[in-house]
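Everything on this sheet refers to the single structure shown next.
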Amino acid sequence: MSVDVSHAPRSVLVCDRSSFLDEKNRISSQLQQLHFNYKVSLLLPECSSAPSHLDSVLKSFSSFYLIRNMPIYELLDKHFLETAVYQGSVSGLSHRTRIDEENCVALMPNGRLCLSLDKHSFQVLGVEGKPSKFNHKTKNRFVVSVDLTDSSMAPGGRGYVRLLTGLRSRLHLRTDFLLSHHPGGGASLQHLLSRYDWSEHRPEISSRVLTDLSCPALLSSDPQPGDAHSFLEWLGAVDADISCENSSSSFMSSLVCPEPKTMLDKALSVSVCGLLRPQDVHRLVQQLRRHLEQPGPAPWASLTVHGFVDSPVSWGDGEHGVLIGGENFYNLLMFQDHTYHLHLATGSHDPCPQ
Amino acid sequence: MSGVIKKDESGVYQRVVLKNAAPYHYVNVCLVLEDESTKLSAVEFKQFITSGLKSLYGEVGAALAFDVLKYNEDKRTALLRVNSRGLVKLWSSLTLLGSYQNQACAFRVLQVSPYLLALTGNSRELQLD
């Protein structure tokens with residue numbers, strides 16, 4: 001029997017083009033689709049240091065907490081629900097749990113608790129859920145999604161007691177947990193934090209100045225959506241510090257910058273890592289627009305946002321998983337005339353971004 | 001590859017959905033050797049992978065074009081780029097490469113993606129301790 005080995009796993013890339021001035025543009029809601037952002041990276045051409053207004057936004061990204069070995073039933077604590085979840089001020093994700101082999105938990109800002117469980121854990125928990133969309137044939141992973149703001153999940157209610165008993169007495173699910181909250185909302189978490197080993201973390205900022213960088217001619221050539229893969233490849237090469245100066249006959253690599261290309265004297269690459277809130281990313285986009293409006297040599301700016309690989313949700317409420325890689329990221333390329341190109345990229349176990 | 005194009009009347013908004021259109025896949029690999037002090041240059045590293053392709057798939061495999069985009073000689077980690085149609089061939093021969101110059105070795109495939117950008121933002125690398 002022969003097997004065709006030439007098929008790569010499924011991937012989807014959505015390319016949107018619109019203008020910030022278009023009333024119907026959905027950019028704000030699209031940026032809110034990724035709830036759990038791991039890394040934001042910027043590429044600013046003709047810039048050698050971040051302008052002060054951008055720098056202050058980057059430094060004002062909210063800090064987040066790591067709670068070690070926290071039982072998941074703590075998320076159902078009455079005090080925590082009332083002071084944080086019902087206010088919509090908190091979101092969180094299990095840390096160092098791999099969604100392709102372990103149980104993962106996410107608390108979304110809208111109060112939805114999402115558990116991605118293996119078959120055994122799901123059966124032990126004894127709460128209604130459904131098989132994962134991505135292995136519905138084998139049914140070895142299940143998703144339990146409950147709205148904690150729903151009346152049936154109010155403390156003391158039937159649904160609440162069932163889930164609490166399952167998590168506390170039967171499943172005993174404990175993981176390291178990352179929590180982020182509204183600026184100034186930290187006080188509401190103190191009650192929870194005081195009972196466990198925890199630490200507060202600031203998003204980590206790093207920046208690099210690149211010189212003599214070959215760059216696709218974005219303004220003069222009007223790149224088509226079909227060229228999106230080669231543009232994203234070039235951007236990845238810049239981010240990973242990979243040289244594009246190769247010849248087609250080179251033994252090691254034939255990676256080259258897409259044609260037509262120009263040369264940038266300098267460019268600034270800045271990245272921020274941590275559990276980053278979509279609201280902070282949105283503020284950064286607003287500042288980038290202001291940066292582009294100012295008279296200066298910067299014709300465009302690029303922003304890339306990577307979601308967490310092991311988040312049980314991505315692109316809104318959609319289920320997320322890992323087959324060969326759990327990529328879920330977007331790139332926003334903004335121009336001086338207020339138009340933008342948005343690329344939304346997903347791997348095999350993702351819904352199509354809207 | 002397939003694409004769906006939606007365009008509104010004003011011509012300002014355009015959406016294109018590209019399915020399975022990635023021309024390449026990118027692989028982050030690490031070569032683990034029994035003797036940690038063994039040095040491999042980038043050229044030797046690529047030659048070693050090509051020999052693995054040849055032993056599993058013959059001359060056709062040896063002709064599979066792939067690029068070593070970046071190589072770290074100290075850690076023996078590399079970013080590889082391969083045509084999407086060749087991903088399974090490359091991956092399987094990496095898996096079956098078991099010895100380098102008479103010492104046991106193994107390739108650890110750390111990350112695979114149709115996007116090079118995804119390899120620079122892997123949340124599994126987040127260290128907080």
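All figures in this text were calculated on a predicted structure; none of them were measured in a lab.
The greatest number of non-hydrogen atom pairs below 4.5 Å with chain A, out of Val109(B), Leu69(B), Leu128(B), is found for Leu128(B). The choice from Ala345(A), Ser19(A), Ser348(A), Cys273(A) that makes the most heavy-atom pairs within less than 4.5 Å of chain B is Ala345(A). Each of Val43(B), Leu80(B), Leu87(B), Asn83(B) has some count of heavy-atom pairs under 4.5 Å with chain A, and the biggest count is that of Val43(B). Among Asn25(A), Asn246(A), Val12(A), Asp241(A), the residue making the largest number of heavy-atom pairs under 4.5 Å with chain B is Val12(A). The candidate with the highest count of non-hydrogen atom pairs below 4.5 Å against chain B, out of His229(A), Glu204(A), Lys39(A), is His229(A). Ranked by non-hydrogen atom pairs under 4.5 Å with chain A, the options Asn122(B), Asp67(B), Val88(B) are led by Asp67(B).
Neither the backbone nor the side chain of Ser311(A) comes within less than 4.5 Å of any heavy atom in chain B. Heavy atoms of Val40(A) lying under 4.5 Å from chain B are absent altogether. For a residue to count as touching a neighbouring chain, one of its non-hydrogen atoms must lie under 4.5 Å from one of that chain's; by this rule Leu178(A) touches chain B with the side chain only. Only the side chain of Tyr26(B) comes within less than 4.5 Å of a heavy atom of chain A; its backbone N, CA, C and O stay farther away. Residue contact with chain B, scored on non-hydrogen atoms closer than 4.5 Å, involves the side chain of Arg68(A) exclusively. At a 4.5 Å heavy-atom cutoff, the contact between Pro353(A) and chain B is made by backbone atoms alone. There is no contact between Tyr340(A) and chain B, counting heavy-atom distances below 4.5 Å. For Leu21(A), no part lies under 4.5 angstrom from a heavy atom of chain B. Interface remark: Phe329(A) contributes side-chain atoms only to the contact with chain B (heavy atom separation under 4.5 Å).
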Q: Apply the test side-chain contact (heavy atoms from CB on, under 4.5 Å) to residues Arg96(A) and Gln127(B): give CA-CA distance (whole Å), side-chain angles for both, the deciding distance (0.1 Å), then the verdict.
A: CA-CA 9 Å; Arg96(A) 286 203 189 146; Gln127(B) 296 288 340; 3.2 Å; yes

Q: Show your reasoning for whether side-chain contact (heavy atoms from CB on, under 4.5 Å) applies to Ser254(A) and Arg81(B).
A: CA-CA 10 Å; Ser254(A) 56; Arg81(B) 178 178 80 158; 3.4 Å; yes

(Q) Tyr24(B) vs Leu255(A), test: side-chain contact (heavy atoms from CB on, under 4.5 Å). Steps then yes/no. (A) CA-CA 11 Å; Tyr24(B) 298 104; Leu255(A) 178 76; over 6 Å; no

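Geometrically, Lys24(A) does not engage Tyr13(B) in a cation-pi contact, judged by NZ or CZ lying under 6.0 Å from the ring centre and within 45° of the ring axis.
When every heavy atom of Arg15(B) is checked against every heavy atom of Asp16(A), the shortest pair comes out as NE-OD1, 2.9 Å. Looking at every heavy atom in both residues, Thr120(B) comes nearest to Ala240(A) through CG2-CB, 3.5 Å.
The one candidate from Ile242(A), Leu235(A), Leu232(A), Asp239(A) that meets the side chain to side chain contact (heavy atoms under 4.5 Å, CB included) condition with Leu116(B) is Ile242(A).
A distance of 6.5 Å separates CE in Met252(A) from NZ in Lys46(B), rounded to the nearest 0.5 Å.
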